[in-house]
Amino acid sequence: MGLDLSPKLAKKVYGDDGGSYYAWCPNELPMLREGNIGAAKLALEKNGFALPRYSDSSMVAYVLQGGGVAGIILPESEEKVIAIKKGDAIALPFGVITWWYNKEDTELVVLYMGDTSKGHKPGQFTDFFLTGFNGIFTGFTTDFVKRAWDVDDDIVKALIGNQKGKGIVKLDANVKMPEPKPDHRKGMALNCEEAPLDTNIKNAGNVVLLNTQNLPLVGQVGLGADLVRLEGNAMCSPGFSCDSALQVTYIVKGSGRLQVVGVDGKRVLETIVKAGNLLIVPRFFVVSKIADPGGLSWFSIITTPNPMFTHLAGSIGAWKAISPEVLQAAFKVTAETEKLFRSKRTNDAIFFPPPN
């Protein structure tokens with residue numbers, strides 16, 4: 001595989017005083033196009049408002065920073081208005097209309113990663129805005145809009161022409177927006193920083209999995225996700241997705257070393273990853289990470305709603321399941337060496353604390 005797998009930062013696509021929209025380009029990160037994966041970020045300043053839109057792709061949204069309000073309208077359903085905060089994951093199936101608003105002083109940053117296999121451009125999201133300079137109805141003739149909305153010319157002109165913003169606008173501080181409803185949040189979002197840990201290794205790391213059990217909507221999206229937090233100098237076991245899924249990883253916090261090994265035992269990537277980086281590991285390639293002293297956290301989507309992984313080290317590593325005789329013959333080592341190898345990593349699963 002000759003593709004460039006090195007991690008990349010997002011680039012600004014558009015924005016104004018209310019905030020900005022950033023995206024990763026498949027020309028710079030070819031695995032986006034190869035894997036039909038899109039990735040983007042929305043950053044809203046105080047009173048920033050992301051105008052109502054729908055996308056050509058299903059995706060998972062993850063709140064990286066700040067807090068705010070999101071409006072979510074599933075097909076043939078009422079609007080759900082939910083409070084969002086750092087750590088929230090939200091599944092957004094095909095056809096969902098969303099808007100986002102930040103009324104706080106802290107910038108609201110939302111990450112989007114999803115499947116573009118049914119989209120217009122492989123590796124890129126295409127958004128369709130309901131209002132604004134590039135809104136859908138700016139393309140219809142006045143008579144079509146009048147007929148559709150049952151309004152006169154003056155109202156059509158106001159509805160189509162008043163909003164000059166493109167995608168993101170800044171609202172006046174006195175504009176009143178809908179208040180979030182606590183009961184609307186159920187089944188719509190899961191806070192990965194507060195959810196029960198699926199794996200927790202002392203002094204090493206922990207992981208929260210997002211799947212159909214704790215957020216059923218991911219079944220409609222067709223994606224799973226996880227939030228992994230690795231302690232300083234700890235290691236994440238070498239492993240691979242064993243169900244042919246792609247893993248798309250965004251570095252949320254910290255930094256560390258990363259290696260990826262592919263076909264014929266060739267190391268295809270060795271790099272330092274840091275906050276803001278996005279990378280994609282090809283199917284069945286083996287990846288491992290070692291955190292720098294400050295630790296390393298990442299959020300990933302996996303292109304199946306209930307992902308499975310095979311780990312090649314640790315107490316649940318695949319080696320432990322292989323019979324001693326086979327290991328001895330495969331490694332071409334003595335029985336004593338095989339026994340020593342098997343005796344290691346009997347207590348640590350997936351994450352390994354720093355060496356003493």
Atom pair [atom1]/[atom2] of [X] and [Y] - distance to nearest 0.5 Å:
{"X": "K46", "Y": "K170", "atom1": "NZ", "atom2": "NZ", "result": "9.0 Å"}
{"X": "D4", "Y": "L29", "atom1": "CG", "atom2": "CG", "result": "7.5 Å"}
{"X": "L108", "Y": "N102", "atom1": "CG", "atom2": "CG", "result": "5.0 Å"}
{"X": "W298", "Y": "L258", "atom1": "CH2", "atom2": "CG", "result": "8.5 Å"}
{"X": "D226", "Y": "N211", "atom1": "CG", "atom2": "CG", "result": "10.0 Å"}
{"X": "I201", "Y": "I350", "atom1": "CD1", "atom2": "CD1", "result": "7.0 Å"}

Report yes or no: do V333 and L340 belong to one cluster of Ile/Leu/Val/Met/Phe/Trp/Tyr joined by side chain heavy-atom distances under 4.5 Å?
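Cluster IDs for V333 and L340 differ.
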
Treating Ile, Leu, Val, Met, Phe, Trp and Tyr as nodes and any side-chain heavy-atom pair under 4.5 angstrom as an edge, say whether L209 and F351 lie in one connected cluster.
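L209 clusters together with F351.
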
Ion pair [X]/[Y], N-O distance below 4.0 Å:
{"X": "K164", "Y": "D16", "answer": "no"}
{"X": "K86", "Y": "E193", "answer": "yes"}
{"X": "K181", "Y": "E179", "answer": "no"}

Considering all heavy atoms, the nearest [X]-[Y] contact:
{"X": "G114", "Y": "I301", "answer": "N-CD1, 3.7 Å"}
{"X": "A291", "Y": "E231", "answer": "CB-O, 3.3 Å"}
{"X": "A189", "Y": "L215", "answer": "N-CD1, 3.8 Å"}
{"X": "F299", "Y": "C192", "answer": "CE1-SG, 4.3 Å"}
{"X": "Y22", "Y": "A10", "answer": "CB-CB, 3.8 Å"}
{"X": "A61", "Y": "W100", "answer": "CB-CH2, 4.1 Å"}

Is the number of heavy atoms from other residues, nucleotides or ligands under 6.0 Å of [X] [atom1] greater than 12?
{"X": "F140", "atom1": "CZ", "value": "no"}
{"X": "D152", "atom1": "CG", "value": "yes"}
{"X": "F144", "atom1": "CZ", "value": "no"}
{"X": "R283", "atom1": "CZ", "value": "yes"}
{"X": "N174", "atom1": "CG", "value": "yes"}
{"X": "F128", "atom1": "CZ", "value": "yes"}

Checking side-chain contact (heavy atoms from CB on, under 4.5 Å) for the pair L64/V110: CA distance, chi angles, key distance, verdict?
CA-CA 6 Å; L64 295 169; V110 183; over 6 Å; no

Main chain of [Y], side chain of [X]: is a donor-acceptor contact present, judged purely on distance under 3.5 Å?
{"X": "H184", "Y": "V81", "result": "yes"}
{"X": "S58", "Y": "V221", "result": "yes"}
{"X": "R267", "Y": "Q259", "result": "no"}
{"X": "E107", "Y": "A43", "result": "no"}
{"X": "R229", "Y": "L227", "result": "no"}
{"X": "K8", "Y": "S6", "result": "yes"}

Is any side-chain heavy atom of R53 closer than 4.5 Å to one of T98?
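Yes; the side chains approach each other to less than 4.5 Å.
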
Could you tell me if the ring centre of Y62 sits under 6.0 Å from that of Y250?
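No - the distance between ring centres of Y62 and Y250 does not fall below the 6.0 Å cut-off.
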
Evaluate the side-chain contact (heavy atoms from CB on, under 4.5 Å) criterion for residues L42 and I168: first the C-alpha distance (whole Å), next the side-chain angles of each, then the deciding distance (0.1 Å), finally the verdict.
CA-CA 9 Å; L42 173 69; I168 299 170; 3.5 Å; yes

Chi angles and distances behind the side-chain contact (heavy atoms from CB on, under 4.5 Å) call for N191, R185:
CA-CA 11 Å; N191 191 278; R185 187 177 164 86; 4.0 Å; yes

Check V175, L171, L44 against F49 for a side chain to side chain contact (heavy atoms under 4.5 Å, CB included) and give me the one that passes.
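One option only clears the test, and that one is L171.
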
